[in-house]
There are 2 protein chains.
Amino acid sequence: MNTLAEENYLKSIYHLSLNAESVSTNQMAALLNTKASSVTDMLKKLAEKELINYTPYQGVTLTAPGEKIAINIIRKHRLWEFFLVEKLNFKWDEVHEMAEEMEHISSNELIDRLDKFMGFPKYDPHGDPIPDCDGKFKTHDLKPVSAIDVNAGGVICGVRDHSPAFLQYLEKQGLTIGKQICVTDIIEFDRSMVLKMENKTVQISREVANNLLITL
Amino acid sequence: MNTLAEENYLKSIYHLSLNAESVSTNQMAALLNTKASSVTDMLKKLAEKELINYTPYQGVTLTAPGEKIAINIIRKHRLWEFFLVEKLNFKWDEVHEMAEEMEHISSNELIDRLDKFMGFPKYDPHGDPIPDCDGKFKTHDLKPVSAIDVNAGGVICGVRDHSPAFLQYLEKQGLTIGKQICVTDIIEFDRSMVLKMENKTVQISREVANNLLITL
DNA sequence: TAAAAAATTTAGACAAACCTAAATATTTTA
DNA sequence: TAAAATATTTAGGTTTGTCTAAATTTTTTA
């Protein structure tokens with residue numbers, strides 16, 4: 001199998017690929033908290049194993065086998081997060097670091113049984129889709145709250161920022177997955193948004209609105 | 001925290017210490033599937049950290065902090081084994097390798113919640129005691145079936161050999177944890193033993209009897 | 001109890017994954 | 001479009017944990 005470092009690189013390439021055609025060395029270095037030169041070393045190794053397509057100076061994409069590995073790690077990460085929240089009662093802002101370790105437990109049989117044990121959940125505690133054992137998943141069509149108009153609304157189904165600070169803030173405001181919200185006003189001065197939810201009114205900054213995702 | 005290799009060395013020293021005052025380099029090399037020279041290197045490192053008492057050529061013992069770490073790893077190992085068998089329906093011969101990885105998940109909060117989730121089990125699927133969150137546990141007083149006489153008996157409460165082959169054999173014979181057995185005969189030729197259990201008769205070799213543990 | 005055998009340690013290397021500093025390639029900008 | 005800025009790679013090291021081979025210590029045995 002692959003080393004822990006290799007798995008983390010593949011996962012990072014997958015995540016960064018969602019926002020761009022190909023992934024740059026510096027992007028990876030930033031995400032992995034390492035140096036560009038270390039990234040280059042590893043890219044050569046992964047290219048050698050044919051898990052990525054790598055042309056020096058031109059960035060990187062995953063090959064089909066590389067993507068399969070990346071999605072499997074993400075499946076494990078999200079299933080463990082679901083387990084931690086649903087079975088062990090952790091909060092959604094507490095589980096990322098633990099899942100970051102647990103995603104590297106190698107057995108697929110284990111993860112498939114865990115999946116079954118929890119009833120084949122489709123989304124993790126942050127609203128991200130959980131790939132099934134064949135790597136398939138459907139992303140629901142979300143948009144940030146910042147993209148909708150006054151009087152429009154929807155159901156909170158995801159977040160763009162996964163930091164504990166942001167998640168804790170949302171929790172405190174009651175802005176959690178599944179809540180129905182409606183935009184009642186947009187403050188002209190700073191474009192902050194006033195939301196109605198469960199007969200309460202909550203005002204959020206543009207920054208927050210940008211990172212809070214709802215169904216169409 | 002400590003590295004994976006360090007944790008595995010401490011765990012091995014703990015296990016080997018149960019059968020002897022101090023642990024030798026070669027014993028460790030055999031258990032860890034590595035070379036004596038590699039063991040020496042690591043012992044120096046662990047001694048430097050004051051996790052072991054090490055005098056060159058004289059073997060090794062754990063210090064109090066070293067033992068605490070070792071017991072915590074064993075606690076994690078056994079709780080995960082319990083989880084795998086009780087919640088994910090793995091068999092007792094299938095869980096060791098998986099738990100070998102899972103025991104290194106660092107969060108103690110996680111393991112304490114897992115413990116609670118499962119109702120604070122006292123013994124793992126092989127009958128080994130699970131240390132509580134303070135590292136305390138009581139070993140029940142067991143003896144091998146080979147040490148009892150005709151007409152004596154007891155309840156199966158543990159095994160000495162944890163290999164899948166041995167566990168599968170026991171499973172097939174119905175010799176599992178909790179079963180009441182009674183020795184009805186000892187064959188003089190090879191000292192193999194005839195057991196009665198649940199109105200069935202099972203004959204086991206001396207080798208098997210040596211590795212099957214019952215309550216006094 | 002001295003020689004032989006066994007166990008252990010030391011010395012010197014190696015691979016993985018990282019680093020800094022220097023070199024090179026690409027992109028931006030004036 | 002050439003110089004400047006930025007991005008990336010190369011070169012040369014470091015640490016961790018392993019290895020083989022040689023040296024040393026301890027134990028066994030005759």
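The sequence lines fix the lettering, A, B, ..., with proteins before strands; numbering per chain opens at 1. The analysis underlying the following values was restricted to heavy atoms, covering all of them including side chains, and did not include hydrogens, waters or symmetry mates.
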- Task: With sequence neighbours excluded, tell me which residues meet ring-ring contact (aromatic ring centres under 6.0 Å, His included) with F83(B).
- Result: F83(A), W80(B)

- Message: So, does K35(A) get its side chain near the phosphate of dC18(C), meaning an N or O under 4.0 Å from OP1 or OP2?
- Response: no

- Query: CG of L43(B) versus P of dT10(C): gap in Å, rounded?
  - Reply: 11 Å

- Task: Check whether any side-chain N or O of T40(B) sits under 4.0 Å from OP1 or OP2 of dT9(C), and answer yes or no.
- Result: yes

- Task: Kindly write out the residues that satisfy ring-ring contact (aromatic ring centres under 6.0 Å, His included) with Y123(B), not counting sequence neighbours, or none if the list is empty.
- Result: H140(B)

- Task: Over all heavy atoms of both residues, which pair between M193(B) and I148(B) is shortest? Give the atoms and the distance, please.
- Result: CE-O, 3.7 Å

- Message: Which residues pass the side chain to side chain donor-acceptor pair (under 3.5 Å) test with D41(A), not counting sequence neighbours?
- Response: none

- Message: Could you tell me how far apart K44(A) (NZ) and dC18(C) (P) are, to the nearest whole angstrom?
- Response: 14 Å

Just the atom pairs and distances: protein N or O near nucleotides 11-16 of chain C's N or O, under 3.5 Å.
none

- Query: For S38(B), which contact category applies under a 4.0 Å heavy-atom criterion: base, sugar-phosphate, or nothing?
  - Reply: base

- Message: Regarding E50(B) and T63(B), do their side chains bring together a donor and an acceptor under 3.5 Å, going by distance alone?
- Response: no

Show which side-chain atoms of residues 207-216 of chain B pair as donor or acceptor with protein atoms under 3.5 Å away, not counting sequence neighbours.
from, atom 1, to, atom 2, distance (Å)
N210(B), OD1, S146(B), OG, 2.8
N211(B), ND2, E207(B), O, 2.9
T215(B), OG1, V155(B), N, 3.3

Show every donor-acceptor pair shorter than 3.5 Å between a side-chain atom in residues 129-139 of chain B and any protein atom, with sequence neighbours excluded, or say none if there are none.
from, atom 1, to, atom 2, distance (Å)
D132(B), OD1, D134(B), N, 2.8
D132(B), OD1, G135(B), N, 3.1
D132(B), OD1, K136(B), N, 3.0

- Item | Residue pairs passing the salt bridge (Lys or Arg N to Asp or Glu O under 4.0 Å) test where at least one lies in residues 7-30 of chain A, sequence neighbours excluded | K11(A)-E100(A), K11(A)-E103(A)

- Among residues 10-32 of chain B, which residues get a heavy atom nearer than 4.0 Å to DNA chain D? none

- Message: Just to verify, what does R191(A) make a side chain to side chain donor-acceptor pair (under 3.5 Å) with, not counting sequence neighbours?
- Response: none

- Item | Pairing residues for F90(A) by the ring-ring contact (aromatic ring centres under 6.0 Å, His included) criterion, not counting sequence neighbours | none

- Query: Of all residues at least two apart in sequence or in a different chain, which pass the salt bridge (charged side-chain N to carboxylate O under 4.0 Å, His left out) check with D112(B)?
  - Reply: R75(B)

- Message: Rounding to an integer number of Å, can you tell me how far E48(B) CD sits from dT15(D) C1'?
- Response: 15 Å

Atom pairs, protein N/O to nucleotides 23-28 of chain C N/O, distance under 3.5 Å:
from, atom 1, to, atom 2, distance (Å)
dA25(C), O4', Y57(A), OH, 3.4

